[in-house]
Amino acid sequence: MSWSPIRRIRDFMDGEAAGGLVLMAAAAAALVIANSPWSDAYFAALAAYLGPLSVLHWINDGLMAVFFLLVGLEIKREVLNGELATARNRVLPGVAAVGGMLVPALIYAGFNLHDAAALKGWAVPTATDIAFALGVLSLLGNRVPVSLKVFLTALAIIDDLGAVIIIALFYTGGLSPAWLAAALGTLVLLGALNRFGVARLWPYLALGVLLWVLVLRSGVHATLAGVALALLIPLRQSGAGTAALASEHSPLLRLEHALHRMVPFLIIPIFGFANAGLSFAGLSPAALVEPLTLGVAGGLLVGKVIGVFGFSALAIRCGVATLPHGARWIQLFGVALLCGIGFTMSLFIGLLAFADAPLLQSEVKVGILCGSFLAGLSGWAVLRWASPGR
């Protein structure tokens with residue numbers, strides 16, 4: 001009986017909704033504190049320096065590199081040995097992900113064409129927060145077919161890959177050739193470890209830390225070091241034949257297992273707590289109708305639906321993909337609404353786009369919070385209404 005609280009905690013952490021609920025709590029706490037008598041202490045603590053970087057930079061450049069490491073591991077596993085391993089399985093989530101990035105970006109650009117500074121944030125509404133979206137989906141239990149959960153997961157993974165590419169191409173500062181060359185040399189060493197079948201994780205992780213430092217100094221955003229490291233960690237276990245499938249003993253799966261609780265229950269909530277703190281003291285109600293705010297919120301709430309559902313419907317009608325097994329069109333529409341929850345990655349891209357513009361960062365946060373909240377609530381309501389008897 002004395003162990004029942006521990007069991008309950010473990011059961012909660014194993015649930016699909018857990019990561020999203022913890023992130024919601026962290027974001028809510030940040031909003032409350034940022035608008036309380038402790039707001040000065042909150043912002044001062046984030047601005048305080050620990051060595052060469054501020055606390056906020058350690059979180060956004062350091063801890064988030066671990067998040068991107070897990071994203072990279074999931075992408076590699078799904079492409080080589082998972083839901084995205086075959087071309088047929090990649091078609092529908094791939095088409096939906098492309099639509100879900102393209103249309104929100106166009107909607108954002110439509111609101112901000114007149115403002116070159118604001119236009120830098122065109123990629124903010126292109127991202128989907130998998131933790132939030134799956135958390136809302138899991139609250140509906142068996143009312144939603146498993147095939148739609150698989151579809152949403154695959155879509156979010158492709159979406160994350162798109163976000164990584166966008167960050168690498170459009171949000172990288174001035175490059176230092178010397179540091180970049182050193183980073184490329186480290187990648188060669190990581191590739192050699194993979195090529196010679198090294199199964200121990202510590203050499204990869206040690207070189208990964210070095211890679212992070214070099215990438216940070218090179219001008220490329222440091223979090224991309226996490227993705228690069230993930231792609232060079234072997235999926236197949238040491239000594240297995242080239243045709244052998246990966247097992248739970250493979251380096252990639254062992255590292256993914258080690259991170260699968262730390263990232264959603266520690267790193268992402270810390271990121272949310274550090275970056276969702278929006279003080280309303282300097283904002284007027286007019287911030288709700290600023291073009292930047294409307295572009296972000298409209299891109300998430302309207303653009304994602306048009307892009308994900310519209311492109312999916314087109315692919316299905318053209319015969320290149322099929323509706324997920326057991327799902328109805330209205331349920332696919334509800335999932336498309338959930339794709340408008342863009343909290344974590346949208347915040348991250350917004351911080352990169354407007355690193356030196358606090359007011360624009362605030363407008364981005366308002367747009368993300370409003371758009372994500374409305375998208376999540378609408379998606380939940382549509383899916384709840386669509387299958388009341390399941």
Side-chain angles (χ1 to χ4, degrees), residues 17 19-21 23-28 30-32 34-35 96 99-112 118 121-140 143-144 148 152 155-156 159 272 275-278 280 283-310 312 330-350 361-386:
L21 293 175
L23 180 54
M24 290 179 199
L31 282 171
V32 170
N35 294 280
M101 289 184 281
L102 179 62
V103 179
L106 291 175
I107 288 178
Y108 179 94
F111 276 100
N112 295 279
W122 63 269
V124 172
T126 63
T128 294
D129 192 306
I130 183 60
F132 261 127
L134 282 179
V136 174
L137 200 61
S138 67
L139 295 176
L140 295 160
R143 293 177 179 273
V144 179
L148 276 181
L152 178 59
L155 186 157
D159 187 277
N275 291 283
L278 173 63
F280 299 114
L283 291 177
S284 68
L288 291 171
V289 293
E290 288 291 336
L292 193 153
T293 305
L294 293 175
V296 172
L300 290 173
L301 182 60
V302 179
K304 280 289 185 179
V305 174
I306 296 174
V308 172
F309 184 77
S312 296
I330 187 65
Q331 291 174 314
L332 183 63
F333 180 78
V335 169
L337 278 167
L338 292 185
C339 290
I341 304 175
F343 190 80
T344 304
M345 195 69 81
S346 291
L347 272 178
F348 189 77
I349 294 174
Q361 284 186 17
S362 296
E363 292 178 5
V364 164
K365 291 178 182 180
V366 172
I368 291 172
L369 291 172
C370 292
S372 296
F373 175 77
L374 292 174
L377 183 62
S378 301
W380 177 86
V382 167
L383 290 168
R384 177 69 177 81
W385 171 82

Distance check, rounded to the nearest 0.5 Å: [X] atom [atom1] versus [Y] atom [atom2]?
{"X": "Gln361", "Y": "Asn275", "atom1": "CD", "atom2": "CG", "answer": "8.5 Å"}
{"X": "Asn112", "Y": "Ile107", "atom1": "CG", "atom2": "CD1", "answer": "12.0 Å"}
{"X": "Leu155", "Y": "Leu148", "atom1": "CG", "atom2": "CG", "answer": "11.0 Å"}
{"X": "Leu300", "Y": "Tyr108", "atom1": "CG", "atom2": "OH", "answer": "11.5 Å"}
{"X": "Leu338", "Y": "Phe333", "atom1": "CG", "atom2": "CZ", "answer": "11.0 Å"}
{"X": "Leu369", "Y": "Leu278", "atom1": "CG", "atom2": "CG", "answer": "6.5 Å"}

Compare every heavy atom of [Y] with every heavy atom of [X], then report the nearest pair and how far apart it is.
{"X": "Thr126", "Y": "Met101", "result": "CG2-O, 3.3 Å"}
{"X": "Ile341", "Y": "Ala375", "result": "N-CB, 4.1 Å"}
{"X": "Val308", "Y": "Ser312", "result": "O-OG, 2.6 Å"}
{"X": "Leu292", "Y": "Ala118", "result": "CD1-CB, 3.9 Å"}

Margin query: Using a 3.5 Å distance criterion without hydrogens, assess whether the side chain of Ser346 forms a donor-acceptor pair with backbone atoms of Val124.
Written below: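 Yes, the answer is positive, given that a donor and an acceptor are paired below the 3.5 Å cut-off.
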Checklist line | Short side-chain to backbone donor-acceptor contact, Ser372 and Gly342, under 3.5 Å | finding: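 Checked: pair present.
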Do the side chains of [Y] and [X] get nearer than 4.5 Å, heavy atoms only?
{"X": "Asp129", "Y": "Leu23", "result": "yes"}
{"X": "Thr128", "Y": "Met345", "result": "no"}
{"X": "Lys304", "Y": "Val103", "result": "no"}

